[in-house]
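Whatever order the structure lists ligands and atoms in, that order sets their numbers, starting from 1.
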Amino acid sequence: MSLPAIAVKNLVKKFGDTTVLHGIDLEIPQGQVSCLIGPSGSGKSTLLRCMAFLEEATSGTITVNGEVLGFTENAQGVRERISASANRAIRAQIGMVFQQFNLWPHMTALGNVSEALKMVQKMSRKQAEEQAMAQLVKVGLESRAGHYPSQLSGGQQQRVAIARALALKPKIMLFDEPTSSLDPELTGEVLNVMRDLAAEGMTMVVVSHEIGFAATVGQQINFLDHGKLIFSGPPQDVFRKPRNPRLEQFLDTYLDRGASMLL
Ligand SMILES: Nc1ncnc2c1ncn2[C@@H]1O[C@H](COP(=O)(O)OP(=O)(O)O)[C@@H](O)[C@H]1O
Ligand SMILES: [Mg+2]
């Protein structure tokens, strides 16, 4: 077994007195697509945000390619914060795409993708724009490079957001409901970009209600319910009976006929 891309160990996350994640243990395998499904409010976004260190775990650890995110434990087992620069290097391995595309409205597609390369990676404008253009080509938007977000469809905006994340050359991509704010006819183009990325061997963690995508592209399906990981396994096992009653109920709600026929 190779080192997992991300290893989550006994992760607890509280907001105030409310425990949102109750001791999650999960390994994200290298080069695979791991999907995270579960009802609204079950903690999917929080888990993803902890993996990206946008939220700090209350306790437990998240290891990214063997390095512990955020904290180290001293000889007495006490958590100590690692240096900001060390943590930045670990976080740089992770790219994230959100439901809301969060593009800068005053910048073109090319500007949105190249900006971080100039700011974070200190690239020259020319170098940044070359690399940004290569990413726009990859998501099929080279002809839209000079367009502003308001001139792009939702699907195109999300593809720009994916290009922006990819431009920073992450080793792992996290997607939090990337198609949930899109009209149904626009979800396909985004899922296709994600499919291509998966085929290239990118390690991906995808929160999505697109059960068809999860079943066909996902190699590991994780079902979260009330902050607990209830099921983790390959897609074919999701449909093996007997099932956990909560998983059963969830599938009844989300599974359309088309998706079930794919399995
Ligand atoms: N910043 C926050 N402060 C307080 N509660 C939060 C915060 N973020 C999420 N929660 C709560 O945590 C629970 C899980 O939320 P979330 O991770 O967004 O679930 P999901 O993505 O599965 O819908 C919900 O009850 C939500 O209200
Ligand atoms: Mg969410």
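A distance limit of 4.0 angstrom between heavy atoms and ligand 1 selects the residues Phe15, Val20, Pro39, Ser40, Gly41, Ser42, Gly43, Lys44, Ser45, Thr46.
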For Asn222 and Cys35: C-alpha separation, side-chain torsions, deciding distance, then whether side chain to side chain contact (heavy atoms under 4.5 Å, CB included) applies. CA-CA 6 Å; Asn222 305 289; Cys35 294; 6.0 Å; no
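The set of protein atoms (N, O or S) found at less than 2.8 Å from the Mg ion (ligand 2) reads Ser45 OG, by chain and number.
Legend: residues meeting side-chain hydrogen bond (donor to acceptor under 3.5 Å, both in side chains) with Asn87, ordered by chain and number and at least two apart, are absent. Partners of Phe223 under the ring-ring contact (aromatic ring centres under 6.0 Å, His included) rule, at least two apart in sequence or in another chain, are Phe250.
Ile62 contributes atom CD1, which lies 10.5 Å from atom CD of Glu56 (distance to the nearest 0.5 angstrom). Between Lys118 atom NZ and Arg125 atom CZ the span is 5.0 Å, to the nearest 0.5 Å. The structure places CG of Leu110 at 11.5 Å from CD of Gln135, a figure rounded to the nearest 0.5 Å. We find the CG-CE distance between Leu166 and Met202 to be 5.5 Å, quoted to the nearest 0.5 Å.
Annotation: cation-pi pair Arg79/Phe71 present, NZ/CZ under 6.0 Å from the ring centroid and within 45° of its normal.
Remark: side-chain polar atoms of Gln220 are paired, donor with acceptor, to backbone N or O of Glu27 under 3.5 angstrom.
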